[in-house]
Colleague: 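Below is the structure I would like to discuss, written out as structure tokens.
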Amino acid sequence: MTRTTDQQTDSVRILVPTGMLGAGFAESTVERGIALGADVIAIDGGSTDSGPAYLGASKPKTSAPQVARDLRIVLKAAAGAGIPVIVGSCGTSGTDSGVDWVAGLADQVMAEEGLDLRVARIYSEQSAADLKEHLDAGRTHPLPPMGELSVETLESCTHIVGMMGHEPIVEALQGGAQVVLAGRATDTAVAAAYPLMMGMPAGPTWHVAKIVECGGQCTTNPRAGGVIATIDAGGFTIEPLDPEAACTPSSVAAHMLYETVNPFSMREPDGTIDVHEATYTALDDRRVRVEGSQFHVADQHTIKLEGARLTGYETMSFAAIRDPRVLADIDGWADLLRVVLSQRVEQTLGLGPDDYAFDVRLYGHNAVLDTLEPEAGPPREVGVMLLVSAADQATATAVAKVANPLMLHLPTADMDYLPSFAFATSPAEIERGAAYEFVLNHVVDAATPTSMFRIETKDDHA
Amino acid sequence: MTNDTIALGDLAQEVRSKNAGPFWVTMELFMRDEASYALAADAAYVNEDVVAELYGVAADQVQLFRIPSLNVVKISYPRPISQGSLRDRDMHAGQHHVPLALVRVPAPAA
């Protein structure tokens, strides 16, 4: 593993313009970061937060115009300043096609802007066959709350990615890349790679990488845009790029809580970030100094896997109820809907409970928390969402169509007339297509930090 | 002493929840001051068993962090319903803080 460099430097400044490539930011954000002496621009391009469909189907959450717009600003600024750009988890899930999608947009932007930056693509997709070898050799381990991995689970995935640490990114940079477009990477590796390559200490580097991963979220105005952080031998200093926003010791420390199970200790492929002893001090009214962060290198380098598999095809239908007589016992009405729908599906389609599944969600009543809902009381109106899942789209839609007259007219048990409810759309049924679920939460003991990833530079494609 | 009670959410600057990866939910009570933090951090009112009861999870899987320097109580638990599955109602687990925010504690003296 190479972490040294010919260049000697006392500090490294990381510019993070936004928490997600494509989310948008003011052009002045990047201009200000460059003026403050940024050495690298790092942007996260993905996440699993929005659910399994993006990995399962290998499609991005963002649109091409959103990503191209952000890339244009960043690539122009980086080319002007002569600093590298690192994008992680390209295409939301970091699949190989996600990397190629972002690379295609970058090529297009560079052609339009007359830029000629050397681009490296780092692929992180994993084959079930390769992973089976790791499994058979005892090199895979579950993370809580998951159980042991099985071959069937691996083979059921439509896409599997490994989360890279900083090392493949460092290798690409050392190979001369000015733009690194990485597949699935830890949020932190994207920001940590360049400072680690420049010899900055691991503790402050990993800690600041976690703090900046969501852009301006560690400031007093999360909507204000990005941040710039300076890492040196003793710690790091962070400030917002919007002159009107501020970082305070609380806003910075609180970001360690965000989306983390444990706010003091976080595992990376190379080891564990430990911020138990970190101190947060205000330098002035908008800059914070952090010292005392530690990083404990692990005995075994591990790569975390993410995988998603197809669960079926879904069809949705949505109607609304306003009549207080029905709303007075909306749970009773929904129970009746479930029973009658199951009967009609059996009668008309000949399908039993194992052939399909459905969920009735009462928006305005308890749709969000369901059985965990602590409050009661009649709602003023309720949206009834029916979500049907089946092995194929036609079956899911057929079930939703059987439900259609019920969602239009089903009376309560004590009504002697047919009410009519308020469908939101025509046709009422909306085919959602394939649905997925995450099934992997396991790590692989990797031979080397780069062995599971493939780096290609632009020249290879030419 | 008064018998009046108040919801933790009414003593907090912010109560929030969020997915922490696909398999965990994490929540934070950002309390307004030391006095309200003392109530949220009091194991008599918020503990692993209370969280297990509120969210239908096993108490021994609940992780609870009391952070006096930030007046924060942070709670993490494994997501009982697979993210994005047919019965998942809250993709980012962003609205699951509400039962926690409604936990009642003795009202601080005015």
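Naming: A, B, ... by sequence-line order, numbering from 1 per chain.
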Colleague: Please walk me through it: do B:Leu86 and A:Leu387 pass side-chain contact (heavy atoms from CB on, under 4.5 Å)?
Modeller: CA-CA 7 Å; B:Leu86 182 67; A:Leu387 200 53; 3.8 Å; yes
Colleague: What are the two closest heavy atoms between A:Val368 and B:His96, and how far apart are they?
Modeller: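 In this case the closest contact between A:Val368 and B:His96 is O-CE1, 3.9 Å.
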Colleague: How about residues 63-70 of chain B versus chain A: which residues have heavy atoms under 4.5 Å apart?
Modeller: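 Within residues 63-70 of chain B, the residues under 4.5 Å from chain A are B:Gln63, B:Phe65, B:Ile67, B:Leu70.
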Colleague: Could you go through A:Leu257 and B:Phe30, starting from their C-alpha distance and side-chain angles, then the distance that decides it, and tell me whether this counts as side-chain contact (heavy atoms from CB on, under 4.5 Å)?
Modeller: CA-CA 11 Å; A:Leu257 307 169; B:Phe30 290 87; 3.7 Å; yes
Colleague: Heavy-atom distance under 4.5 Å to chain B: side chain of A:Glu306, backbone, both or neither?
Modeller: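 Interface part for A:Glu306: neither.
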Colleague: Which answer fits A:Leu440, side chain, backbone, both or neither, if we ask what part of it has an atom under 4.5 Å from a heavy atom of chain B?
Modeller: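 Contact with chain B is through the backbone of A:Leu440 alone.
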Colleague: Where do A:Ser50 and B:His92 come nearest, in terms of heavy atoms and distance?
Modeller: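 In terms of heavy atoms, the two residues are closest at OG-NE2, 3.2 Å.
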Colleague: Taking C-beta and beyond as the side chain, do A:Leu369 and B:Gln95 meet within less than 4.5 Å on heavy atoms?
Modeller: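 A:Leu369 does not reach B:Gln95 side chain to side chain.
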Colleague: In Å and rounded to the nearest 0.5 Å, what is the OG to CD distance from B:Ser85 to A:Glu437?
Modeller: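 That separation rounds to 7.0 Å.
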Colleague: Could you tell me whether a side-chain N or O of B:Lys74 sits under 3.5 Å from a main-chain N or O of A:Asn262, the two making a donor and an acceptor?
Modeller: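 No, because the side chain of B:Lys74 does not come within donor-acceptor range (under 3.5 Å) of the backbone of A:Asn262.
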Colleague: Are there over 12 heavy-atom neighbours, none belonging to A:Glu431, within less than 6.0 Å of that residue's CD?
Modeller: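 More than 12 within 6.0 Å, yes.
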Colleague: Among A:Ala53, A:Ala435, A:Ala367, A:Ala308, who wins on heavy-atom pairs under 4.5 Å with chain B?
Modeller: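 Among A:Ala53, A:Ala435, A:Ala367, A:Ala308, the one with the most close pairs to chain B is A:Ala367.
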Colleague: If we define contacts as heavy-atom pairs under 4.5 Å, which of B:Gly84, B:Pro78, B:Pro22 has the most with chain A?
Modeller: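 The option with the most such pairs is B:Pro22.
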Colleague: Looking at B:Glu14, I want to see if its CD is surrounded by more than 12 non-hydrogen atoms of other residues, nucleotides or ligands under 6.0 Å.
Modeller: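 Yes - once you tally the heavy atoms of other residues, nucleotides and ligands closer than 6.0 Å, there are more than 12.
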Colleague: Return each pair, listed once, that meets side chain to side chain donor-acceptor pair (under 3.5 Å) where at least one residue sits in residues 29-42 of chain B; pairs must be two or more places apart or across chains.
Modeller: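 Output for this query lists B:Asp33-B:Ser36.
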Colleague: For A:Thr311, is it the side chain, the backbone, both, or neither that has a heavy atom closer than 4.5 Å to a heavy atom of chain B?
Modeller: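 No part of it gets close to chain B.
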Colleague: To the closest 0.5 Å, what do you measure between CD (A:Glu259) and OG1 (B:Thr26)?
Modeller: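 The CD atom of A:Glu259 sits 9.5 Å away from the OG1 atom of B:Thr26.
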Colleague: Hey, mind stepping through B:Arg16 and A:Tyr258 against side-chain contact (heavy atoms from CB on, under 4.5 Å) and telling me if it holds?
Modeller: CA-CA 10 Å; B:Arg16 69 182 185 188; A:Tyr258 189 68; 3.9 Å; yes
Colleague: Quick check on A:Met385 against chain B: is it the side chain, the backbone, both or neither that has a heavy atom closer than 4.5 Å?
Modeller: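 Neither part; nothing is under 4.5 Å.
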Colleague: Give, as side chain, backbone, both or neither, the part of A:Asn366 having an atom under 4.5 angstrom from any heavy atom of chain B.
Modeller: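 Only the backbone of A:Asn366 comes within 4.5 Å of chain B.
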Colleague: Above 12 or not: heavy atoms from other molecules or residues under 6.0 Å from OH of A:Tyr313?
Modeller: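 No, the 6.0 Å shell around OH holds no more than 12 heavy atoms from other groups.
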Colleague: Would you tabulate the side-chain donor-acceptor contacts of residues 44-52 of chain B under 3.5 Å, counting partners in other chains and residues two or more places apart, or write 'none'?
Modeller:
unit_1  : atom_1 : unit_2  : atom_2 : d
B:Asn47 : OD1    : B:Asp49 : N      : 2.9
B:Asn47 : OD1    : B:Val50 : N      : 2.8
B:Asn47 : ND2    : B:Ala43 : O      : 2.9

Colleague: I need the residue from A:Ala253, A:Gly56, A:Pro263, A:Ala254 with the largest number of non-hydrogen atom pairs under 4.5 Å to chain B.
Modeller: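 Result: the option with the highest number of such pairs is A:Pro263.
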Colleague: A side-chain contact here means heavy atoms from C-beta on lying under 4.5 Å apart; do A:Pro145 and B:Phe23 qualify?
Modeller: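 With C-beta onward as the side chain, the pair touches.
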Colleague: Just grab all the salt bridge (charged side-chain N to carboxylate O under 4.0 Å, His left out) pairs involving residues 83-95 of chain B, residues at least two apart or on different chains.
Modeller: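 Salt bridge (charged side-chain N to carboxylate O under 4.0 Å, His left out) check on residues 83-95 of chain B returns A:Asp359-B:Arg87, A:Asp359-B:Arg89, A:Asp370-B:Arg89, B:Arg79-B:Asp88.
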Colleague: Are any side-chain N or O atoms of B:Gln83 and backbone N or O atoms of A:Asp49, one a donor and one an acceptor, separated by less than 3.5 Å?
Modeller: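 Looks like yes, one N/O pair under 3.5 Å.
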Colleague: Looking at A:Arg361, A:Glu314, A:Glu373, which one has more heavy-atom pairs under 4.5 Å with chain B than the rest?
Modeller: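 Of A:Arg361, A:Glu314, A:Glu373, A:Arg361 has the most heavy-atom pairs under 4.5 Å with chain B.
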Colleague: Which residue in the set A:Val261, A:Leu143, A:Thr260 passes side chain to side chain contact (heavy atoms under 4.5 Å, CB included) when paired with B:Trp24?
Modeller: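 When side chain to side chain contact (heavy atoms under 4.5 Å, CB included) is applied between B:Trp24 and each of A:Val261, A:Leu143, A:Thr260, only A:Val261 qualifies.
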